[in-house]
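Structure, as structure tokens:
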Protein chains: 2
Amino acid sequence: MIQIEKKDKKKSKNTNPTIKDVARLADVGIATVSRVINNSGKVSEKTREKVLSVIEELAYTPNIHARTLSSKNIESLSFVVPDMGNEFYSIIYSLLEKRLSRSNYRLIVFPLIDQVALQKIKQNTDMIYQTDGVFICSFSISKIFQNRTPPKKIILIDSFDDRFDSVYVDNEKIGETAAEYLLKNSPHKTNYYLITFKELDNEFTSFVFEKRDKGFLRVMKQHNKRVKVVYADLMWDGGYKAMESLIKRKPKNYVSIFSTCDMLGVGVKKYLEEKNMIPKKDYSLISVDNLPISRLFRLTTIRQPLSEMAEIAYRMFISSLKGREKVEHHKLTCKIVERET
Amino acid sequence: MIQIEKKDKKKSKNTNPTIKDVARLADVGIATVSRVINNSGKVSEKTREKVLSVIEELAYTPNIHARTLSSKNIESLSFVVPDMGNEFYSIIYSLLEKRLSRSNYRLIVFPLIDQVALQKIKQNTDMIYQTDGVFICSFSISKIFQNRTPPKKIILIDSFDDRFDSVYVDNEKIGETAAEYLLKNSPHKTNYYLITFKELDNEFTSFVFEKRDKGFLRVMKQHNKRVKVVYADLMWDGGYKAMESLIKRKPKNYVSIFSTCDMLGVGVKKYLEEKNMIPKKDYSLISVDNLPISRLFRLTTIRQPLSEMAEIAYRMFISSLKGREKVEHHKLTCKIVERET
DNA sequence: CTGTTAGCGCATTCAT
DNA sequence: ATGAATGCGCTAACAG
């Protein structure tokens, strides 16, 4: 009875073949199979082939969990990111992934799009705690791991924290640069606009936009310029709608606009073009990012060095693997890419 | 001596705390700790608190691999995709992820950007074989898993194969629809252009573009219209450059263009606008996808029902979990979203 | 309620 | 060159 029950259980479970099954059918020990799989140790050509053929026949695939449990060799990394739909992040991701793939690491994406996603990470049972390292994009890290001890290797991309490796840009400086650019290119009678994005003040806040705003407004204030601030949705038509609410027809004054990212800048320029306004004659516009699309639009923009950021993040991870203890911080400078606007 | 060595080993390994450590410090059995972690079984409030405090103190996080090994409960899914940088895919991803997150599944992204990535998957040791199911976007599946038996649950998104659940659109039909739209809106003297993307004929080929081309060209041929075909890069300025090579200044004839995706369509329209050509007066343009950006550009486009696709993919996965055996195929219809062009 | 124990699938000595 | 045995960290009976 007991035996039958056991058998039934096994059958019904429809379990995958294991190393044992392979060993049995190949008439060898499991150690030998293991050697074949890992190309380690000495195995005679004959047995190797026999084992391989059984593996093929059974469509056997080694259980990765058993494997890492046994060897402590995980080789996976986490990539925590606000929104993969944003080209900014998907580009960084691709760059990092390409770099890592050669080193046999898996980059697992953890998109923190909502509270549910955040809650998952906060449960210490989450997969993120089992990876060899975590790249965090844009987020203020303390919010994510709060009082909980975070995973071992943490590398911050596009944000800063004393305690962890980081590569980032000076967002306040970006705001200042934008202000100076506009000031330089604007006549006396100019309407200044800041089109930006307001993050909800919650655990997700990255302060990236806030800092750009701050730097920009500070310089403008120093020059006694009044700025009208409009908060837009972070979508392709966000900038368009913002401008729509601001300008109904071509105004008398010159218009100077700082849109805090390309995604907004595209819409802004589109709207102004529709109002027959000519860049540098009727308006100036500067945005931030230098995403591929900004080239198509001939947007003047402040370049975020994405490939450098990815490269440095990668290097910090590798050097940390090799035993580096001291925390590294890389503050990258951003230059203006001047185009049509 | 031996003991010392062992200790050293342990220390130097800097291993994470295990359930045993927690149990020892909390002065309970490991089963109790397990119960606390999983909120299962009965544990007295006193011991629960004690255990939790030790967990906190040790910053203990359960080893997910041991866990799944022991419980056979993996709860992760794969998402195989050509390029997360393409909004088309990142949107599907987000939709799917949002849907799944409520069911406690992790969606792991496997971007097949190059041969290296493909090789990884072909090694049967890859993580992808350990997930509960695989969503595959756009790829011709036989190329990926070739003769190897693929993982259990496979769900095809935006591609079709007899053997697996699939949700897709009829891309030849899309081409036909585009042709009919242009034919309807074009005067007798019209230059027809097809701006499309040529996939390398390798294991990655999805045939999506090829099919759209085919459907389009067939109908055009039926109507005895000659079409000039241009292959563009799949980038934001791809369509722009293609048009640049085609038209130097505003031509005498009416121009009708089918660009096989929005990413190309945006550039096409941008170029025509710069040449002062007026939509529906000087040219017609239809593309495919209906990505968010196509709205900003008032592109007439053939809508791909992304949310439906994600939803159906999700449902197919769930029903398959619940024991459905029969393969399902969902062919979705695509309607024209007529805007400015 | 709680502790003990038997695997989960595999890598890895250690014998042979 | 190869097989048997041990343990990785955990869950799930089982026995108190």
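Lettering follows sequence order; numbering is per chain, from 1.
- Spacing between atom CD1 of A/Ile64 and atom P of C/dC8 amounts to 20 Å, rounded to whole angstrom units.
- Applying the salt bridge (charged side-chain N to carboxylate O under 4.0 Å, His left out) test to pairs two or more places apart or on separate chains, those with a residue in residues 314-330 of chain A are A/Asp165-A/Arg324, A/Glu311-A/Arg315, A/Arg324-A/Glu328.
- The nearest whole Å value for the distance from the CD1 atom in B/Ile19 to the P atom in D/dA12 is 11 Å.
- In this structure a side-chain-to-backbone donor-acceptor pair under 3.5 Å is present from A/Asp126 to A/Ile128.
- Sorted by residue number, the members of residues 22-31 of chain A with any non-hydrogen atom under 4.0 Å from DNA chain C read A/Ile30, A/Ala31.
- Contact annotation: B/Ser70 does not reach the phosphate of D/dT11 (side-chain N/O to OP1 or OP2, under 4.0 Å).
- Remark: B/Tyr314 pairs with no residue by the ring pair (Phe, Tyr, Trp, His ring centres under 6.0 Å) rule, at least two apart or across chains.
- The backbone N or O of B/Val80 sits nowhere less than 3.5 Å from a side-chain atom of B/Ser78 that would complete a donor-acceptor pair.
- Protein atom CD of A/Gln130 is 11 Å distant from nucleotide atom P of D/dG9, rounded to whole Å.
- Atom pair B/Leu58:CG and D/dG9:C1' shows a separation of 15 Å (rounding to whole Å applied).
- Residues from residues 41-51 of chain A placing a heavy atom under 4.0 Å of any atom in DNA chain D, listed by number, are A/Lys42, A/Val43, A/Ser44, A/Thr47.
- In this structure, B/Asn38 reaches the D/dT11 phosphate: one of its side-chain N or O atoms is under 4.0 Å from OP1 or OP2.
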Practice task
Go through the steps to decide whether B/Val109 and B/Val81 satisfy the test side chain to side chain contact (heavy atoms under 4.5 Å, CB included), and finish with yes or no.
Solution key: CA-CA 7 Å; B/Val109 179; B/Val81 65; 4.0 Å; yes
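- One finds a side-chain N or O of B/Arg67 lying less than 4.0 angstrom from the OP1 or OP2 phosphate oxygen of D/dT11.
- Residue B/Asn63 contributes atom CG, which lies 13 Å from atom C1' of D/dT11 at whole-angstrom precision.
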Can you list, pair by pair, the side-chain donor-acceptor contacts under 3.5 Å of residues 88-98 of chain A, counting residues two or more places apart and other chains?
unit_1  : atom_1 : unit_2   : atom_2 : d
A/Tyr89 : OH     : A/Ser138 : OG     : 2.6
A/Ser90 : OG     : A/Glu87  : O      : 3.3
A/Ser94 : OG     : A/Ser90  : O      : 3.0

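- A donor-acceptor pair is defined here as one N or O able to donate and one able to accept, closer than 3.5 Å; such a pair exists between the side chain of A/Thr47 and the backbone of A/Ser44.
- Residue B/Tyr129 places none of its side-chain N or O atoms closer than 4.0 Å to OP1 or OP2 of C/dG9.
- Test B/Ile157, B/Val167, B/Ile155 against B/Ile312 for side chain to side chain contact (heavy atoms under 4.5 Å, CB included) and you get one pass: B/Val167.
- To the nearest angstrom, C1' of D/dC10 lies 13 Å from NE2 of B/His65.
- Note: B/Tyr105 and B/Phe317 have perpendicular aromatic rings, judged against thresholds of 30 and 60 degrees for the angle between ring planes.
- Between its opening and closing five pairs, the helix from C/dC1-D/dG16 to C/dT16-D/dA1 changes axis direction by 40°, a value rounded to 10 degrees.
- Between the side chain of A/Asp21 and the backbone N or O of A/Thr18, at least one donor-acceptor pair lies under 3.5 Å.
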Show, in sequence, the C-alpha distance, side-chain angles and deciding distance for B/Phe160 and B/Asp162, and conclude whether the side chain to side chain contact (heavy atoms under 4.5 Å, CB included) test is met. CA-CA 7 Å; B/Phe160 174 81; B/Asp162 268 352; 3.7 Å; yes
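- Positionally, the nearest nucleotide of DNA chain C for B/Arg35 lies more toward the 5' end than for the other of B/Arg35 and B/Ala66.
- Atom CG of B/Leu69 is separated from atom P of D/dG7 by 17 Å (rounded to the nearest Å).
- At least one donor-acceptor pair closer than 3.5 Å links the side chain of B/Asn63 to the backbone N or O of B/His65.
- Checking the phosphate oxygens (OP1, OP2) of D/dT2, no side-chain nitrogen or oxygen of A/Thr32 falls inside 4.0 Å.
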